[in-house]
Amino acid sequence: MLFDRQCGKGSFVGGDEDRISRLPGGILVDIIYLLSLKEAGRTSILSPRWKNLWKHTPSLDFNSQSAFRPNPKKLVNWVDSVIKSHTSPTLKDFRIGFPLDRSFGDSITRWLEFAFSREVEMLELNLEAYPFRYCWYEYYRFPKELSAPTQKMHKERQTIRMNNSRRNDVVRSNIKDDTVFNQETFTIKQPFTIKQPFT
Amino acid sequence: MAAETGTPTTLTLKSNDDELFSVAESAAILSVTIRNMVEDGCAGGVIPLDNVDGKTLASVITYMNGISAIPADEEKKKSYRDKFLSDKDFETLADMVLAANYLNMSCLMDAVSAKIAQVMEKKSVGWVRRKFGIENDYTPEEEAAVKEEHKWTFEGVETDDDN
């Protein structure tokens, strides 16, 4: 029951009834979209009406926020469980902002594939290690090949920002041979494939 | 309505409780719904807006006139919107967001959504329920199951009995 009928005069009488829950689902999703991801998820607990609304939000912003020494395993599970229940066919933005090294490479690659399959407009991957924290930090390497879907791309607006903090980790796209994917904002104007230049 | 030379075209809008409002076409076409009617030549005579009551429509027209009088300056438009919404209670905001949705006025919809979201930010589930009079019709078992499923939403959050 995502989209209620539009309510005209007489549908809402009085000030003390549950007015907000009677707004059409599309409007409630617009409101939820403006909340942080955790706040958005918490709206599911309000009432059954709200249970699945947050799953339609087009914004998935994963940040470890205040955690001084975040638990990577926990964070990975968090992303995995949100992705599993998320149902919006498209994404305005998808952001990962916590230190993850190569041992989580398979998960990271899956997330990228997920974001591309949802026609993401803004993708931000910031896996930088905290300074002095991870002495033996092995940086994530992009897979040999990773393709964005070709159909229905938001061509003019799609932006990818990746910060993997590895000086030599140069990733090229098939748009321009010299496009460097590292620590740059990059606007995609056509379907693309990320290719690793080295073996 | 026929435009006389030099006179701005005026449209007549009718609310669902039969109130009539005159509004300059240049302001009314902030609504994509109305703009489409004008472009299709369907805006002659009275435009009935079946989903908007008179009180809300009066308010929306105030907004249309106010915002269209501001030249292309996004900062000024934003501060007008903030001021316009600042004294509105939730009932009015809910009416307004429905009207904006029906009239397809994205700038007003976004502003009202943002205002409602602001109220919910950084608040516990219990607080939001009380504030908006949200009826919790979960059974205790269902609520516990939903909380379990969304445990991650409480990670790093100071919890209290309210959650």
Side-chain angles (χ1 to χ4, degrees), chain A residues 3-24 26-52 54-55 62-68 70-71 74-75 77-82 84-85, chain B residues 15-18 49-56 89-95 97-102 106 109-110 112-126 128-129 131-139 142-147 149-157 163:
Chain A
F3 296 103
D4 293 333
R5 72 192 172 90
Q6 301 237 336
C7 296
K9 183 203 170 197
S11 298
F12 303 130
V13 189
D16 56 351
E17 62 185 289
D18 186 359
R19 179 82 198 267
I20 191 169
S21 298
R22 296 179 191 219
L23 289 173
I27 293 178
L28 294 178
V29 172
D30 283 351
I31 294 166
I32 290 169
Y33 163 62
L34 299 167
L35 300 172
S36 75
L37 184 54
K38 285 185 179 177
E39 286 169 338
R42 233 176 294 150
T43 61
S44 61
I45 298 154
L46 289 169
S47 77
R49 164 76 174 123
W50 292 77
K51 186 179 170 196
N52 294 314
W54 76 271
K55 299 173 183 171
F62 299 92
N63 270 290
S64 59
Q65 283 162 351
S66 57
F68 181 59
N71 175 343
K74 233 173 168 175
L75 291 165
N77 288 340
W78 174 34
V79 179
D80 283 343
S81 88
V82 168
K84 211 172 120 198
S85 51
Chain B
S15 67
N16 64 5
D17 44 1
D18 296 329
L49 299 173
D50 295 338
N51 284 28
V52 189
D53 65 33
K55 181 172 161 273
T56 307
D89 59 16
F90 179 68
E91 292 295 306
T92 313
L93 291 176
D95 286 332
V97 78
L98 282 169
N101 186 39
Y102 172 67
S106 56
M109 266 196 74
D110 292 351
V112 179
S113 301
K115 182 136 172 115
I116 296 173
Q118 248 172 37
V119 177
M120 302 173 81
E121 262 167 19
K122 300 187 174 63
K123 300 295 192 307
S124 70
V125 171
V128 173
R129 275 190 194 133
K131 178 79 182 171
F132 291 101
I134 294 172
E135 195 187 326
N136 172 23
D137 32 20
Y138 279 128
T139 65
E142 284 169 345
E143 184 171 339
V146 177
K147 271 190 179 164
E149 192 191 324
H150 294 86
K151 245 190 343 211
W152 56 270
T153 69
F154 295 103
E155 304 270 334
V157 173
N163 284 299

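Any value given below was found using the heavy atoms of this structure, including those in side chains, with hydrogens, waters and symmetry copies removed. Each chain gets a letter, A, B and so on, in the order the sequences are listed, and its residues count up from 1.
- For A:Leu37, the parts lying near chain B are the backbone and the side chain together; criterion is any non-hydrogen pair under 4.5 Å.
- Judged by the 6.0 Å distance and 45° axis criteria, A:Arg19 is not positioned over the aromatic ring of B:Phe90.
- Among B:Met109, B:Glu142, B:Lys122, the residue with the largest count of heavy-atom pairs under 4.5 Å with chain A is B:Lys122.
- Neither the backbone nor the side chain of B:Gln118 comes within contact range of chain A; no heavy atom of the residue lies under 4.5 Å from a heavy atom of that chain.
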Set out, in order, the CA-CA distance, both residues' side-chain angles and the distance that settles salt bridge (charged side-chain N to carboxylate O under 4.0 Å, His left out) for B:Glu121 and B:Lys115, then state yes or no. CA-CA 10 Å; B:Glu121 262 167 19; B:Lys115 182 136 172 115; over 6 Å; no

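- Comparing A:Ser47, A:Gly41, A:Ala40 by how many heavy-atom pairs each has under 4.5 Å with chain B, the most go to A:Ser47.
- Residue A:Ser85 does not touch chain B at all, counting heavy-atom pairs closer than 4.5 Å.
- With chain B as the partner, the residue from A:Leu34, A:Asp30, A:Ile20 showing the most heavy-atom pairs under 4.5 Å is A:Ile20.
- Put simply, the side chain of A:Arg42 gets close to the backbone of B:Thr153: a donor and an acceptor are under 3.5 Å apart.
- Listed by chain and number, the residues in a ring pair (Phe, Tyr, Trp, His ring centres under 6.0 Å) with A:Trp54 are B:His150, B:Trp152 (sequence neighbours excluded).
- Residue with the most contacts toward chain B among A:Leu35, A:Asn77, A:Ile32, A:Leu28: A:Leu35 (heavy-atom pairs, distance under 4.5 Å).
- Put simply, the side chain of B:Asp50 never gets that close to the backbone of B:Asn16: no donor and acceptor are under 3.5 Å apart.
- Partners of B:Asp110 by salt bridge (charged side-chain N to carboxylate O under 4.0 Å, His left out), not counting sequence neighbours: none found.
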